[in-house]
S.K.: 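Let me give you the structure first, and then I'll get to my questions.
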Amino acid sequence: MANSKKDTIAPAAAVTISPQISLPREWPYRLIGNLFMLGVIFTLASVIITVKTNFIGRKLSDLGTEFYSYTSAAGFTVDDILVSGRNRTSRKDILELLQLGRHTNILSLDLEEIKQKVETLPWIRRAIISRSYFPNIIRIDVQERQVQTLWQLDSKFYPIDSEGNIIRADFRPNRPILLIVGEGAPQNITNLMKSITDDKNIFERIKVANFISGRRWNLVLDDIENGITIKLPEQNIDQAWKKLLKLNTTQGLLKRKLTIIDLRFPNKVIVKLGKMTPDERKKLKDVKESRI
């Protein structure tokens with residue numbers, strides 16, 4: 001039997017076809033393009049808004065000018081300016097500062113701005129500004145600074161008000177006034193005054209308050225050259241002053257001929273005698289160094 005041979009055909013290799021199509025990456029360019037367009041739009045919008053804003057601002061300004069011109073013609077101009085409460089401040093100084101006249105439109109005035117200007121004058125502590133119509137009047141009520149002490153620095157004298165502020169104006173006292181001396185004295189005088197005004201009679205005897213080394217006070221009574229010097233401590237001034245008042249009440253300390261009363265120590269008072277007769281020195285012996 002003859003062998004029959006069949007030709008075998010090898011199967012073809014399987015080919016896999018992907019359903020996805022690969023395209024070039026274009027999204028970065030699109031993103032950049034979109035950002036660029038947004039930038040252009042934002043810039044144009046800014047320019048348009050700026051132009052419109054300036055235009056509106058100009059229109060409003062023109063309307064304001066027309067309004068004030070119309071109301072001025074209708075009689076809304078300043079008829080008078082009344083200033084009250086002044087003593088050391090002249091009316092002329094106030095008017096020259098404000099530059100107001102009968103031609104000024106009363107509706108255009110900024111009262112807060114006027115208040116701030118008036119309070120820049122050296123003697124003015126506080127100002128209240130108001131206006132009324134028919135007649136059109138501007139009222140300026142001022143409260144002036146009150147001089148409490150006179151500060152001496154480098155041979156110059158400056159009035160000091162009750163809050164320790166320096167008044168930059170000429171001043172000639174018409175009554176006895178406390179003289180303070182030393183760098184930093186105005187900033188510290190208010191606290192001192194709270195402590196030493198309990199006894200009016202003794203306070204009136206104080207001629208000079210000398211601020212020593214920016215720390216504490218020396219007070220000079222009766223006479224600047226030959227009076228009694230009271231040395232106060234840096235801390236607890238109230239207690240030291242009350243101690244002095246007690247000694248004066250019980251032993252008449254301030255009636256004696258002394259040159260120094262040292263109150264800087266918490267448990268004692270040291271005094272230095274002035275020129276005395278033997279009898280006066282004997283009377284003072286018990287209080288030369290008093291322990292409280």
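Note: hydrogens, waters and symmetry copies are ignored here, and every other heavy atom, side chains too, is used.
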S.K.: Is there a path of hydrophobic side-chain contacts, each under 4.5 Å between heavy atoms of I, L, V, M, F, W or Y residues, that connects L95 with V83?
M.R.: yes
S.K.: Measuring from L221:CG to E204:CD, what's the distance to the nearest 0.5 Å?
M.R.: 11.5 Å
S.K.: Do the numbers put R145 on top of the ring of W123, so that NZ or CZ is under 6.0 Å from the six-membered ring centre and no more than 45° off the axis?
M.R.: no
S.K.: State whether the number of non-hydrogen atoms from other residues, nucleotides or ligands found under 6.0 Å of F157 atom CZ is greater than 12.
M.R.: yes
S.K.: Within a strict 4.5 Å, meaning less than it, do heavy atoms of the L254 and R205 side chains meet?
M.R.: yes
S.K.: Please list all pairs passing the side chain to side chain donor-acceptor pair (under 3.5 Å) test where one or both residues lie in residues 90-105, with sequence neighbours left out.
M.R.: T71-N105, S72-N105, S90-D93
S.K.: How close do F171 and P159 get, counting heavy atoms only, and between which atoms?
M.R.: CB-CG, 3.7 Å
S.K.: Please say yes or no: joined through hydrophobic side-chain contacts below 4.5 Å, possibly via intermediate residues, are V220 and L178 part of one cluster?
M.R.: no
S.K.: Could you state the interatomic distance from OG1 (T149) to CE (M193), rounded to the nearest 0.5 Å?
M.R.: 7.0 Å
S.K.: Taking the side chain as C-beta and beyond, is there a heavy-atom pair between I160 and L150 under 4.5 Å?
M.R.: no
S.K.: If we only count heavy atoms from C-beta on, is the R131 to L109 side-chain gap below 4.5 Å?
M.R.: yes
S.K.: Has D170 got more than 12 heavy atoms of other residues, nucleotides or ligands less than 6.0 Å from its CG?
M.R.: no
S.K.: For the pair S132 and R139, evaluate side-chain contact (heavy atoms from CB on, under 4.5 Å) and give the outcome as yes or no after the intermediate values.
M.R.: CA-CA 8 Å; S132 60; R139 288 183 171 82; 2.9 Å; yes
S.K.: With rounding to the nearest 0.5 Å, note down the distance linking CD1 in I228 to NZ in K255.
M.R.: 12.5 Å
S.K.: State whether F265 and K268 meet the cation-pi test: NZ (Lys) or CZ (Arg) under 6.0 Å from the six-membered ring centroid, and within 45° of the perpendicular axis.
M.R.: yes
S.K.: Is there a donor-acceptor pair closer than 3.5 Å between any side-chain N or O of K207 and the backbone N or O of P176?
M.R.: no
S.K.: Could you check whether any side-chain heavy atom of N136 comes within less than 4.5 Å of a side-chain heavy atom of V78, counting everything from C-beta outward?
M.R.: no
S.K.: Could you grab the distance from atom CD of Q148 to atom OG1 of T197, nearest 0.5 Å is fine?
M.R.: 8.5 Å
S.K.: If you link I, L, V, M, F, W and Y whenever their side-chain heavy atoms are under 4.5 Å apart, who else ends up in the same group as I212?
M.R.: none
S.K.: Linking I/L/V/M/F/W/Y whenever any side-chain heavy atoms sit under 4.5 Å apart, do L232 and F203 land together?
M.R.: yes
S.K.: Is the shortest side-chain heavy-atom distance between I202 and N248 below 4.5 Å?
M.R.: yes
S.K.: Looking just at side-chain N and O atoms, do T229 and N218 make a donor-acceptor pair shorter than 3.5 Å?
M.R.: no
S.K.: Could you go through the side-chain contact (heavy atoms from CB on, under 4.5 Å) check for L98 and I138 one step at a time?
M.R.: CA-CA 12 Å; L98 299 179; I138 299 297; over 6 Å; no
S.K.: Could you tell me whether the side chain of V147 reaches within less than 4.5 Å of the side chain of D161, counting heavy atoms only?
M.R.: no
S.K.: Decide yes or no on side-chain contact (heavy atoms from CB on, under 4.5 Å) for I237 and K194, but give the supporting numbers first.
M.R.: CA-CA 10 Å; I237 297 177; K194 291 178 181 178; over 6 Å; no
S.K.: Do V269 and D262 come close enough that some side-chain heavy atom pair is under 4.5 Å?
M.R.: no
S.K.: Taking side chain as C-beta onward, heavy atoms only, is Q152 less than 4.5 Å from L179?
M.R.: yes
S.K.: According to the interplanar angle, ranging from 0 to 90°, do the rings of W217 and F211 count as parallel (below 30°), tilted (30 to 60°) or perpendicular (above 60°)?
M.R.: tilted
S.K.: Is the F76 to F134 ring centre distance short of 6.0 Å?
M.R.: yes
S.K.: How close do I189 and G164 get, heavy atom to heavy atom, and via which atoms?
M.R.: CG2-CA, 4.3 Å
S.K.: Tabulate below the donor-acceptor pairs under 3.5 Å that side-chain atoms of residues 112-121 make, not counting sequence neighbours, or state none.
M.R.:
| unit_1 | atom_1 | unit_2 | atom_2 | d |
| --- | --- | --- | --- | --- |
| E112 | OE2 | Q116 | NE2 | 3.4 |
| K115 | NZ | E119 | OE2 | 2.7 |
| K115 | NZ | A127 | O | 3.0 |
| E119 | OE2 | A127 | N | 3.0 |
| T120 | OG1 | K117 | O | 2.4 |

S.K.: Walk me through it: do I261 and L253 pass the test side-chain contact (heavy atoms from CB on, under 4.5 Å)?
M.R.: CA-CA 9 Å; I261 301 176; L253 186 63; 3.9 Å; yes
S.K.: Looking at L100 and I81, what are the two nearest heavy atoms and their distance?
M.R.: CB-CD1, 3.7 Å
S.K.: Identify the two heavy atoms, one from W241 and one from I196, that lie closest to each other, and give their separation to 0.1 Å.
M.R.: NE1-CA, 3.6 Å
S.K.: Determine whether D154 and K156 satisfy the following criterion, salt bridge (charged side-chain N to carboxylate O under 4.0 Å, His left out), listing intermediate values before the conclusion.
M.R.: CA-CA 5 Å; D154 298 331; K156 295 183 179 180; over 6 Å; no
S.K.: According to a 4.5 Å side-chain heavy-atom criterion applied to Ile, Leu, Val, Met, Phe, Trp and Tyr, with indirect links allowed, do V181 and I206 form part of one hydrophobic cluster?
M.R.: no
S.K.: Check this for me: Q143, atom CD, are more than 12 non-hydrogen atoms of other residues, nucleotides or ligands nearer than 6.0 Å?
M.R.: yes
S.K.: Holding to ring-ring contact (aromatic ring centres under 6.0 Å, His included), I want the full list of residues that pass it with W151, two or more places apart in sequence or in another chain.
M.R.: Y158
S.K.: Out of curiosity, does L245 fall in the hydrophobic cluster containing L192 (side-chain heavy atoms, cut-off under 4.5 Å, transitive links)?
M.R.: yes
S.K.: Please name all residues satisfying side-chain hydrogen bond (donor to acceptor under 3.5 Å, both in side chains) with T89, sequence neighbours left out, ordered by chain then number.
M.R.: E144
S.K.: With E234, which residues qualify under side-chain hydrogen bond (donor to acceptor under 3.5 Å, both in side chains), at least two apart?
M.R.: R215
